[in-house]
Structures are given as C-alpha cells and as structure tokens.
Chemist: 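Please read through the structure below; I'll follow up with questions.
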Amino acid sequence: MKISSIHTWDMSPVEAIKLQNRLRDMVSAEDGPDEIQYVAGLDVSIKENRGIGAAVILDYPDLQPVETAIAKKDIAFPYVPGLLSFREAPVLIAALKKLSLTPDLVLVDGQGIAHPRRLGIAAHLGVLTGLPTIGCGKTRLYGKYEGPGPRRGDYSWLYAGSEIIGAVVRTKERTNPIFISVGNNISLDRAIRYILLCTTTYRLPEPIRIAHLTAGKESPGGSDWHANALML
DNA sequence: GCGACAG
DNA sequence: ATCTTGTCGC
C-alpha cells in the first residue's frame with residue numbers, strides 16, 4: 001500500500017514536538033465505512049538499535065492470518081516518552097508498504113490520542129496512512145482513570161481533565177486491562193467494540209499479538225526462546 | 001522543585 | 001523495548 005510522506009523523520013526531539021502539534025488537528029474521531037474485512041496489527045522489536053517492524057493482516061471476524069510483512073531498519077531516534085512514533089513509525093511504515101492487501105482497520109501497539117499532545121504513534125500513523133487506526137497500550141502514558149470492573153468487556157474512561165481521551169479495557173479476567181484510544185478515523189465507542197471482537201483467549205487483540213510474535217521471531221542465528229510456538 | 005513517563 | 005529462571009496462581 002502507498003503512504004503519503006508529509007514529512008521526514010530526521011529531526012530533533014524539539015522539532016518532533018512541534019510537528020506533533022502541527023499534526024494533531026488532522027486527527028478525526030469520526031467513524032468511516034462500516035465494512036471491515038481486513039484488520040492489521042503492527043508491532044516493533046528492537047535489538048541493539050536494529051528494529052524489526054511487523055505488519056500482519058487477519059481477516060475479520062475470523063481473525064485468521066492472511067498476509068505478513070516484515071521490514072528492518074536502524075533505529076536512530078532515542079526512546080523519549082511522548083515521541084515513540086519517531087523511533088518506531090519509520091520501520092512500521094516500511095513494513096506496511098510491503099503489504100499487497102490494504103487493511104480496513106489498523107491496531108497499533110501504543111497510544112492513539114491518549115497522549116500529551118494527542119498524537120501517539122497510532123494517531124500519527126493514522127494521519128499518514130489515512131486508515132482507521134486504534135491505539136492499544138499495555139500501560140498508561142497519559143491521563144487519569146479508575147480501574148474497570150473485573151469481567152471481560154468491562155471498561156472505564158481515561159481522562160485528560162474533563163476530556164475523555166481513551167478507555168481502560170478488561171480484555172481478560174484476572175489480568176491487567178489495556179489502554180485503548182482513537183488513532184484516527186474511528187470513534188472511541190467503535191474502537192472499544194472492535195478491540196473486544198479481536199480479542200480471544202489472550203490479553204492482547206490477536207492482530208497485535210501475532211504482530212508481536214512475528215517481529216520478535218526474526219534473527220540471524222535463531223534466538224527465539226519463549227516464542228517458538230508461532231504455529232498458525 | 002519533584003515525580004511521571006507508550007515501547 | 002530488553003535482560004531472562006524460577007515460580008506463584010488460576
């Protein structure tokens with residue numbers, strides 16, 4: 001698939017913050033088309049400044065893998081809370097470009113607008129691709145909340161002052177909830193529903209879980225310890 | 001000034 | 001993210 005190059009990635013943290021403030025108004029929480037056939041999952045693994053980005057596509061609602069793409073890139077930008085996209089988005093975009101299929105929805109490992117400048121990696125990628133995206137974080141970056149109920153499907157709101165910027169969703173009982181937020185072109189309400197529909201027996205949505213395994217599997221000599229069971 | 005801080 | 005064994009709980 002093609003992706004617009006509105007900007008480059010080689011810049012300082014200060015410039016990165018200015019860019020985020022420039023792109024934040026391009027995010028939309030309006031629902032797009034209703035038909036969803038393909039859901040993509042994105043994740044990155046990094047080993048000694050070498051990043052492996054994985055983009056997997058599962059059919060919906062069956063959640064069976066139908067295409068996988070991997071890209072590798074040297075990671076230049078440091079990890080700075082709030083600037084994750086400048087570190088991980090480049091390799092993810094490289095992986096997305098290799099896909100022959102175009103996803104109808106993209107789940108990203110990280111926050112959407114639940115971010116100090118409302119432009120977490122899922123929102124940033126949503127603006128660049130124009131696709132509906134949802135941010136799925138394993139922990140909180142920004143916002144206040146009270147824990148959701150104990151049952152699968154229970155959720156509570158994530159607030160930035162009085163503004164709702166996301167939801168804390170229990171996808172599995174007796175397990176920590178995940179942080180869901182709008183990336184682009186989707187409403188929070190629908191984002192929560194899709195996340196639950198894409199989550200089966202594990203804490204994380206299948207697309208992201210598969211992308212995580214895919215990104216961590218690749219390595220020269222064969223350094224996959226706990227993730228040998230990628231039997232699909 | 002002091003914490004908090006996606007992956 | 002990464003390092004990375006054994007172990008506690010359902």
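Lettering of chains follows the sequences in order, A, B, ..., and the numbering in each one begins at 1.
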Chemist: Do A:Arg87 and A:Tyr79 meet the cation-pi criteria used here (NZ or CZ under 6.0 Å from the six-membered ring centre, within 45° of the axis)?
Modeler: no
Chemist: Which pairs count as salt bridge (Lys or Arg N to Asp or Glu O under 4.0 Å) when at least one residue sits in residues 183-199 of chain A, sequence neighbours excluded?
Modeler: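 Of all non-adjacent pairs touching residues 183-199 of chain A, those that pass salt bridge (Lys or Arg N to Asp or Glu O under 4.0 Å) are A:Asp31-A:Arg190, A:Asp34-A:Arg190, A:Asp189-A:Arg193.
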Chemist: Using a 3.5 Å limit on both pairing distances, list the dot-bracket string of DNA chain B from the 5' end; Watson-Crick and G-U wobble pairs count, crossing pairs take [ ], interstrand pairs take |.
Modeler: .......
Chemist: If two hydrophobic side chains count as joined below 4.5 Å and joins carry through other members, does A:Ile210 share a cluster with A:Tyr202?
Modeler: no
Chemist: For A:Leu107 versus A:Pro207, what's the shortest heavy-atom pair and its separation?
Modeler: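 Here A:Leu107 and A:Pro207 meet closest at CD1-CG, 3.8 Å.
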Chemist: Please tabulate the protein-to-nucleotide N/O contacts below 3.5 Å involving nucleotides 8-10 of chain C, giving atom names and distances.
Modeler:
residue: C:dC10; atom: O3'; partner: A:Arg174; partner atom: NE; Å: 3.2

Chemist: Using a 4.0 Å heavy-atom cut-off, does A:His124 contact any base of the nucleic acid, only the sugar-phosphate backbone, or nothing at all?
Modeler: nothing
Chemist: Does A:Lys138 have a side-chain nitrogen or oxygen under 4.0 Å from the phosphate oxygens OP1 or OP2 of C:dA1?
Modeler: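 Checking A:Lys138 against C:dA1: at least one side-chain N or O falls below 4.0 Å of OP1 or OP2.
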Chemist: Please give, in whole Å, the distance from C:dA1 C1' to A:Arg87 CZ?
Modeler: 7 Å
Chemist: Regarding A:Leu84, tell me which of base, sugar-phosphate or nothing describes its non-hydrogen contacts under 4.0 Å with the strands shown.
Modeler: base
Chemist: How many angstroms lie between CZ in A:Arg50 and CG in A:Asp74, if you round to the nearest 0.5 Å?
Modeler: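 With rounding to 0.5 Å, CZ (A:Arg50) is 4.5 Å from CG (A:Asp74).
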Chemist: Would you please enumerate the stems DNA chain C participates in, each stem being three or more consecutive Watson-Crick or G-U wobble pairs with both distances under 3.5 Å?
Modeler: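 DNA chain C stems: none present.
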Chemist: Which atom pair, heavy atoms only, marks the closest approach of A:Ala69 to A:Ala95?
Modeler: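 Nearest heavy atoms, A:Ala69 then A:Ala95: CB-O, 3.4 Å.
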Chemist: Do the two ring centres, one from A:Phe86 and one from A:Trp9, sit under 6.0 Å apart?
Modeler: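 Yes - the distance between ring centres of A:Phe86 and A:Trp9 falls below the 6.0 Å cut-off.
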Chemist: Which residue pairs satisfy the salt bridge (Lys or Arg N to Asp or Glu O under 4.0 Å) criterion with at least one member in residues 121-141 of chain A, sequence neighbours excluded?
Modeler: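 Those involving residues 121-141 of chain A are A:Asp109-A:Lys138.
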Chemist: Are the aromatic ring centres of A:His124 and A:His115 under 6.0 angstrom apart?
Modeler: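 No, too far apart.
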Chemist: Of all nucleotides in DNA chain B with an atom under 4.0 Å from a non-hydrogen atom of chain A, which is the first and which the last going 5' to 3'?
Modeler: B:dA4 to B:dG7
Chemist: A:Tyr145 and ring-ring contact (aromatic ring centres under 6.0 Å, His included): which single residue from A:Phe179, A:Tyr159, A:Trp157 fits?
Modeler: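 Single pass found, and it is A:Phe179.
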Chemist: Looking for any heavy atom pair under 4.0 Å, which part of the strands does A:Leu42 touch: base, sugar-phosphate only, or nothing?
Modeler: nothing
Chemist: Please report the shortest heavy-atom distance between A:Ser28 and A:Asn184, naming the atom on each side.
Modeler: N-OD1, 2.7 Å
Chemist: Please work out if A:Gly120 contacts a base, only the sugar-phosphate, or nothing of the nucleic acid, heavy-atom cut-off 4.0 Å.
Modeler: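 Counting heavy atoms under 4.0 Å across all strands, the contact made by A:Gly120 includes a base.
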Chemist: With heavy atoms under 4.0 Å as the rule, sort A:Gly82 into base, sugar-phosphate or nothing.
Modeler: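 Result for A:Gly82 = base.
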Chemist: Starting from A:Leu84, can I reach A:Ile113 by hopping between I/L/V/M/F/W/Y residues whose side chains sit under 4.5 Å apart?
Modeler: yes
Chemist: Tell me whether A:Arg209 is salt-bridged to A:Glu206, with the criterion being a basic N under 4.0 Å from an acidic carboxylate O.
Modeler: yes
